[in-house]
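Input: a single structure, listed below in structure tokens.
Residue numbers begin at 1 in each chain, while the letters A, B, ... track the order of the sequences. Just so it is clear, the model here is predicted, and its values are computed rather than measured.
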2 protein chains.
Amino acid sequence: MIYYAVRAAKESVSSTMTSKKPFSAVQNKNRAAILAAALETFSAHGFRGTRLEQIANNAGMSKPNVIYYFPNKEAIFVTLLNSHIDKWLAPLREIDPDGEPLEQVIEYVVKKVRMSADMPRESRLFANEIVQGAPRLKESMNSDLKGLFDRTVNILEKWMKEGKLAEVPADHLIYSIWATTQHYADFEAQIEVLSGTPEKIVASAEAYLINMYTKLLKP
Amino acid sequence: MIYYAVRAAKESVSSTMTSKKPFSAVQNKNRAAILAAALETFSAHGFRGTRLEQIANNAGMSKPNVIYYFPNKEAIFVTLLNSHIDKWLAPLREIDPDGEPLEQVIEYVVKKVRMSADMPRESRLFANEIVQGAPRLKESMNSDLKGLFDRTVNILEKWMKEGKLAEVPADHLIYSIWATTQHYADFEAQIEVLSGTPEKIVASAEAYLINMYTKLLKP
DNA sequence: GTCTATAACAAGATAGAC
DNA sequence: GTCTATCTTGTTATAGAC
């Protein structure tokens, strides 16, 4: 089950690579359509709330045809998670230990809040899963995320010790950045009720957050 | 359907009240057991992810017996949401327009982060629902929450105009308080992977957040 | 590769005895 | 009020023709 998912995740990226069993052009096209449809429904309803039929309809094909490309529903979900995780963690990876500290943190905040605006479905996909205990995400959190998190904590603590950032607990700083930036995507339904058009709100969030984290971290 | 839910939510609070059809002591006890079990499972798995059987098992009774007390699964869920919403919004309601501004905001932050520590399941119950578009919560958000939110925005803006708080967009301020405080409960699974025991982390969150919002808002 | 039909099963809800 | 047995529906997954 996991096997198929991983294979799909890796190979769907480059169909031309000369591995054992590359997917055909049609296969890649249909896989992509399924994953696009899956992002739509899984992010809106979570794993159990999503019906295979919705995915099939959104992808413009029949239910059995979907299952022709993926062995089961869980494989679609896991493939989807894996296919987005690198992109999702990229901004964290791009923090430069040799850059100007405050600038690096603010840059990270800006990237994250823009992701919330540009990729709200990806954000909710992960949010849905984590709120429910991350049963299908614990593995990649332990491998991909944990290392990145620790690396970032170290960089931040070094900067603080050097007096280049105000001293705050680095782990809490990262959590609050995640919380404040992703909130606009994850709780969009609530924001829409309270503030109207979410797009406008996310647009003005950037300035607010830059100000907040600058005040917090300026040495 | 909604009728039963509302009736249950209101009457289960005070069994002795002299309304048309008060519930018996046994009824109240069983209703309470069902709602307690429901909080456990709905907060962990969301509405569709929760099985009636899990609720029954957790409540120590049979599935049909659960349905004897509530007409269906949705009624349990709606009753549960309603039975917690007042408690959940209490800290916001308690912001005193005549109090010392910064103190009032910090007090609010502290109450919220403690709720995250003491009532993580309630937090996730709402988070789960909102991430999925709040289909069964839109109504009470429009009635209960919207008014409270607007009231709070007005209080904050007045304080800012009077120079008693630094000027920031009040709506974003509220969103960031919600985001940073609830994050510890809602994303507990992730925090556990990255920082170990969530209890310790939430405990140290209070000081971090007090510092952050003080720096942000001190005039 | 794609489809219709259907098997297999899980889950919500009901009937009716106690 | 509570339970066992069961109905009914919804949903995943498969079989097999094209």
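Rounding to the nearest 0.5 Å gives a distance of 4.0 Å between CD of Glu94(A) and NZ of Lys111(A). The OG atom of Ser123(B) lies 6.5 Å from the NZ atom of Lys112(B); values are rounded to the nearest 0.5 Å.
The phosphate of dG1(D) (OP1 or OP2) has no side-chain N or O of Ser62(B) nearer than 4.0 angstrom. For Asn65(A), no side-chain nitrogen or oxygen approaches OP1 or OP2 of dG1(C) to under 4.0 Å. At the phosphate of dG1(C), OP1 or OP2 sits under 4.0 Å from a side-chain N or O atom of Ser24(A). Between dT2(C) and Tyr69(A), a contact under 4.0 Å exists linking OP1 or OP2 to a side-chain N or O.
Residues Pro64(A) and Asn30(B) each lie close to DNA chain D; by heavy-atom proximity, the contact nearer the 5' end of the strand is made by Asn30(B).
Listed candidates were dA13(D), dT2(C), dG1(D). Nearest to the side chain of Leu52(A) is dA13(D). Among the nucleotides dA13(C), dA5(D), dT2(C), the one closest to any side-chain atom of Val26(A) is dT2(C). For Asn72(A), the side-chain atoms get nearest to dA13(D) when compared with the rest of dA13(D), dA5(C), dG12(C). Nearest to the side chain of Lys73(B), among dA13(C), dT4(D), dT12(D), sits dA13(C).
Going from atom NE2 of His45(B) over to atom P of dG12(C) covers 13 Å, rounded to whole Å. The NZ atom of Lys63(A) sits 12 Å away from the C1' atom of dT4(C) (whole-angstrom rounding). Residue Ile67(A) contributes atom CD1, which lies 19 Å from atom P of dA7(C) at whole-angstrom precision. Rounded to whole Å, atom P of dC18(C) lies 19 Å from atom OH of Tyr68(B). Following rounding to the nearest Å, Phe70(B) (CZ) and dG1(D) (P) show an atom-to-atom distance of 13 Å. Residue Met61(A) contributes atom CE, which lies 8 Å from atom P of dC3(C) at whole-angstrom precision. In this structure, Glu53(A) places its CD atom 9 Å from P of dT12(D), rounding to the nearest Å. One can place CD of Gln27(B) at 13 Å from C1' of dT2(D), the figure rounded to the nearest angstrom.
With no hydrogens or angles considered, no side-chain donor-acceptor pair links Thr152(B) and Tyr108(B) at under 3.5 Å. Donor-acceptor pairing under 3.5 Å is recorded for the side chains of Tyr175(A) and Ser195(B).
Annotation for Glu53(A): atom CD does not count as buried by contact number, only 12 or fewer foreign heavy atoms lying within 6.0 Å.
Of the candidates Asn142(B), Leu145(B), Ile174(B), Leu145(B) is the only one forming a side-chain contact (heavy atoms from CB on, under 4.5 Å) with Leu194(A).
Axis orientation changes by 10° from one end of the helix from dG1(C)-dC18(D) to dC18(C)-dG1(D) to the other, with each end axis drawn from 5 pairs and the value rounded to 10°.
Between Phe47(B) and His45(A), a ring centre-to-centre spacing not shorter than 6.0 Å is recorded.
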